Amino acid sequence: MPPPFGPARNGPLAYNRGDAIYARDTVDGPERVLVGGEGGPVGFAGFSPDGTRMLFTRTMGGSDYLFVAGADGRGERKILSSALHDAYIAWAPDSRTVAIGDEVDFVRKVLLVHDDGSSPTIVDLGDARPTDMVWRPPTGAELLVRATTKGGGQ
């Protein structure tokens with residue numbers, strides 16, 4: 001990957017339409033399918049910070065599951081075995097970990113899902129219910145989590 005400095009350029013536009021994820025190189029350019037809906041409807045979640053991969057959801061059996069694929073849509077694989085419920089998702093700056101705030105065993109938790117296939121790391125927040133998350137740049141050594149307590153505080 002090139003160093004992260006110098007003139008920026010526009011990249012492809014990715015978007016959902018119907019049950020697939022499409023891309024165009026320009027607004028009026030021809031569209032191409034990145035991820036088709038043959039395995040179930042998909043929803044676009046976003047590209048990794050380094051631009052090499054993308055996250056998306058696929059609906060299977062009435063539940064949504066999180067997948068990762070190359071930025072070109074190839075090599076898709078499920079990265080979390082459990083279904084998503086009401087997930088908030090944030091890529092880490094290293095593009096290898098995804099923070100997910102979601103319901104696990106009927107309790108909202110933060111999971112750190114690693115792209116290497118290892119088991120997710122569950123972050124214990126006590127009774128706080130996580131919502132939004134953002135990794136601290138530039139390395140992502142810290143994760144800022146907005147959460148609601150049982151008393152309604154943030």
Side-chain angles (χ1 to χ4, degrees), residues 1-4 11-23 32-154:
M1 296 298 303
L13 307 167
Y15 54 94
N16 270 92
R17 187 167 47 79
D19 290 342
I21 300 170
Y22 293 85
R32 63 188 180 283
V33 175
L34 290 178
V35 178
E38 299 83 25
V42 294
F44 183 56
F47 288 107
S48 60
D50 68 6
T52 62
R53 287 176 277 183
M54 70 170 150
L55 281 175
F56 62 95
T57 60
R58 184 177 292 282
T59 304
M60 301 182 318
S63 296
D64 293 334
Y65 293 90
L66 190 62
F67 283 75
V68 66
D72 60 1
R74 295 184 191 155
E76 76 174 64
R77 64 187 171 85
K78 189 189 305 184
I79 63 169
L80 186 61
S81 60
S82 58
L84 300 173
H85 299 283
D86 182 25
Y88 295 86
I89 300 170
W91 274 105
D94 68 4
S95 298
R96 294 182 305 195
T97 303
V98 179
I100 302 172
D102 200 10
E103 206 172 277
V104 178
D105 300 326
F106 305 103
V107 177
R108 283 198 70 82
K109 298 181 181 179
V110 171
L111 295 98
L112 303 179
V113 178
H114 314 286
D115 191 31
D116 64 6
S118 62
S119 297
T121 303
I122 297 176
V123 179
D124 184 2
L125 297 176
D127 69 349
R129 297 175 49 85
T131 56
D132 303 316
M133 298 165 297
V134 64
W135 295 86
R136 184 174 183 177
T139 63
E142 296 173 335
L143 179 66
L144 176 64
V145 178
R146 180 186 305 196
T148 304
T149 63
K150 285 185 180 181
Q154 293 268 327

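Index from 1, following the sequence. Just so it is clear, the model here is predicted, and its values are computed rather than measured.
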So the side chain to side chain donor-acceptor pair (under 3.5 Å) pairs with at least one residue in residues 129-140 (sequence neighbours excluded) are R136-E142
Taking the side chain from T57 and the backbone from D64, do they hold a donor-acceptor pair closer than 3.5 Å? no
Is R74 atom CZ crowded by more than 12 heavy atoms from other residues, nucleotides or ligands, each under 6.0 Å away? no
Looking at every heavy atom in both D50 and T52, which two are closest together, and how far apart are they? OD1-OG1, 2.7 Å
Min side-chain heavy-atom separation I89-L55 under 4.5 Å: yes
Test side chain to side chain contact (heavy atoms under 4.5 Å, CB included) applied to V68 and R77, step by step: CA-CA 6 Å; V68 66; R77 64 187 171 85; 4.0 Å; yes
Looking at every heavy atom in both L112 and A99, which two are closest together, and how far apart are they? CD2-CB, 3.9 Å
Got a second to check how far M54's CE is from F44's CZ, nearest 0.5 Å? 6.5 Å
For the OG1 atom of T59 and the CG atom of L84, what is their distance to the nearest 0.5 Å? 9.5 Å
Evaluate R58 against V35 for side chain to side chain contact (heavy atoms under 4.5 Å, CB included), listing each step before the verdict. CA-CA 10 Å; R58 184 177 292 282; V35 178; 3.3 Å; yes
Other residues, nucleotides and ligands only: do more than 12 of their heavy atoms fall within 6.0 Å of CZ on R146? no
R108 vs D102, test: side chain to side chain contact (heavy atoms under 4.5 Å, CB included). Steps then yes/no. CA-CA 5 Å; R108 283 198 70 82; D102 200 10; 4.2 Å; yes
For the CD1 atom of I79 and the OG atom of S118, what is their distance to the nearest 0.5 Å? 10.5 Å
Value for OH (Y15) from CD1 (I21), rounded to nearest 0.5 Å, stands at 11.5 Å
How long is the straight-line distance from CD1 of I100 back to CG of L111, given to the nearest 0.5 Å? 6.0 Å
Show the nearest heavy-atom pair for residues R96 and W91, with the distance to one decimal. N-CZ3, 4.4 Å
A side-chain contact here means heavy atoms from C-beta on lying under 4.5 Å apart; do L80 and V98 qualify? no
Exercise: identify the closest heavy-atom pair between D19 and V42: O-CG2, 3.3 Å
Side chain to side chain contact (heavy atoms under 4.5 Å, CB included) between T121 and H114, worked out: CA-CA 8 Å; T121 303; H114 314 286; 2.9 Å; yes
Nearest-0.5 Å distance that lies between atom CG in L34 and atom CG in N16: 10.5 Å
Which heavy-atom pair separates Y22 from R17 by the least distance, and what is that distance? CE1-O, 3.4 Å
Please examine the side chains of P93 and P137, heavy atoms only from C-beta on, and report whether any two atoms are closer than 4.5 Å. no
What are the two closest non-hydrogen atoms of A20 and G36, and how far apart are they? CB-CA, 4.1 Å
Side chains of T148 and Q154 in contact at under 4.5 Å (non-hydrogen atoms): yes
